[in-house]
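The structure presented is a predicted model; accordingly, all values stated were derived computationally and were not measured.
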Amino acid sequence: MESNTMRVALVQINSRHDKEANIRRAEELIDQAAATGARLVALPEYVNFLGPREMHDEIAETIPGPITERFSAKAREHGIYLLGGSIHERTGTPGKFYNTSVLYGPDGEMLAKYRKIHLFDIDLTGNVSANESA
């Protein structure tokens, strides 16, 4: 009897302001997940960077770009589906960025791209604040 199951790995990373270190760690965890037999590996939101807004222009990329090319290569290397979490994607407007997820197939081809449309805004009496819509 043929099984219709797929092993899925959900990767958690404590991303910080060092973009290259975040991506290297993601690649290590993709390798580990694939080694355990995962056929779908999902990375977290903002896998590339979680830091000061003032650095967004410096770290944002186009798609395709360096990070998405690396994720594509990892999907192809392991023959897996890879959901590239989300990264800061450049827009045509200075100071504005998309929160974008990309899905790759086992051949490394981009199957889908999604730009977050339900943005998170909160301000709790000055203690906690997030303004994605800005």
### Task
Kindly determine whether F97 and D57 satisfy side-chain contact (heavy atoms from CB on, under 4.5 Å), including the steps that lead there.
CA-CA 8 Å; F97 310 93; D57 190 55; 4.0 Å; yes
### Message
Does Y46 form a side-chain contact (heavy atoms from CB on, under 4.5 Å) with N22? I'd like the steps, not just the answer.
### Response
CA-CA 10 Å; Y46 286 145; N22 296 333; over 6 Å; no
### Task
Go through the steps for E61 and R90 under the test salt bridge (charged side-chain N to carboxylate O under 4.0 Å, His left out), then give the verdict.
CA-CA 5 Å; E61 297 185 6; R90 289 201 177 285; over 6 Å; no
### Message
Could you walk me through whether E20 and R24 satisfy the salt bridge (charged side-chain N to carboxylate O under 4.0 Å, His left out) test, starting with their C-alpha distance in whole Å, then the side-chain angles of each, then the deciding distance to 0.1 Å, before giving a yes or no?
### Response
CA-CA 6 Å; E20 180 58 29; R24 277 196 318 267; 3.7 Å; yes
### Query
Passes salt bridge (charged side-chain N to carboxylate O under 4.0 Å, His left out), E89 versus K113? Steps please.
CA-CA 11 Å; E89 180 189 6; K113 178 171 86 169; 3.6 Å; yes
### Task
Show your working on side-chain contact (heavy atoms from CB on, under 4.5 Å) between F49 and R16 and close with a plain yes or no.
CA-CA 6 Å; F49 177 85; R16 300 286 184 184; over 6 Å; no
### Message
Would K74 and E69 count as a salt bridge (charged side-chain N to carboxylate O under 4.0 Å, His left out) here? Give the steps.
### Response
CA-CA 9 Å; K74 279 295 175 185; E69 292 300 320; over 6 Å; no
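Looking at K96, its side chain never comes within 3.5 Å of a backbone N or O of T91 through a donor-acceptor pair. Formation of a donor-acceptor pair under 3.5 Å by the T100 side chain with backbone atoms of R115 is not found in this model. Side-chain N or O atoms of R39 include one that pairs as donor or acceptor with a backbone N or O of G79 at under 3.5 Å.
Using a 4.5 Å cut-off on side-chain heavy atoms (C-beta onward), M110 and L103 make no contact.
The distance from the CD1 atom of I13 to the CG atom of L50 is 11.5 Å, given to the nearest 0.5 Å. Between R7 atom CZ and T36 atom OG1 the span is 5.5 Å, to the nearest 0.5 Å. Interatomic distance, OH of Y104 versus CZ of R76, reported as 10.0 Å (0.5 Å rounding). Rounded to the nearest 0.5 angstrom, E27 CD and L43 CG are separated by 10.0 Å. For the atom pair H17 NE2 and E58 CD, the distance stands at 10.0 Å (nearest 0.5 Å). Distance CG/N48 to OG/S86: 7.5 Å, rounded to 0.5 Å.
The two atoms that bring H56 and G51 nearest to each other are NE2-O, 3.9 Å, heavy atoms only. In plain terms, the two heavy atoms of I80 and A34 that are nearest each other are CG2-CB, 4.4 Å. G108 and A75 get closest at one heavy-atom pair: CA-CB, 4.3 Å. Residues I59 and K19 share a closest heavy-atom pair of O-NZ, 2.8 Å.
Clustering ILVMFWY residues whenever any of their side-chain heavy atoms sit less than 4.5 angstrom apart, transitively, puts I67 in the very cluster that holds I63. A continuous path of hydrophobic side-chain contacts links L82 to I23 [ILVMFWY only; heavy atoms under 4.5 Å]. The same ILVMFWY cluster, assembled from side-chain heavy atoms under 4.5 Å apart, contains both V11 and F71. Following chains of ILVMFWY side-chain contacts shorter than 4.5 Å, one cannot reach I87 starting from Y114, and the two form parts of different hydrophobic clusters. Linking Ile, Leu, Val, Met, Phe, Trp and Tyr whenever their side-chain heavy atoms come within less than 4.5 Å puts V41 and V47 in one cluster.
Side-chain contact check for N99 and H88: no donor-acceptor pair (N or O, by modelled atom type) lies under 3.5 Å.
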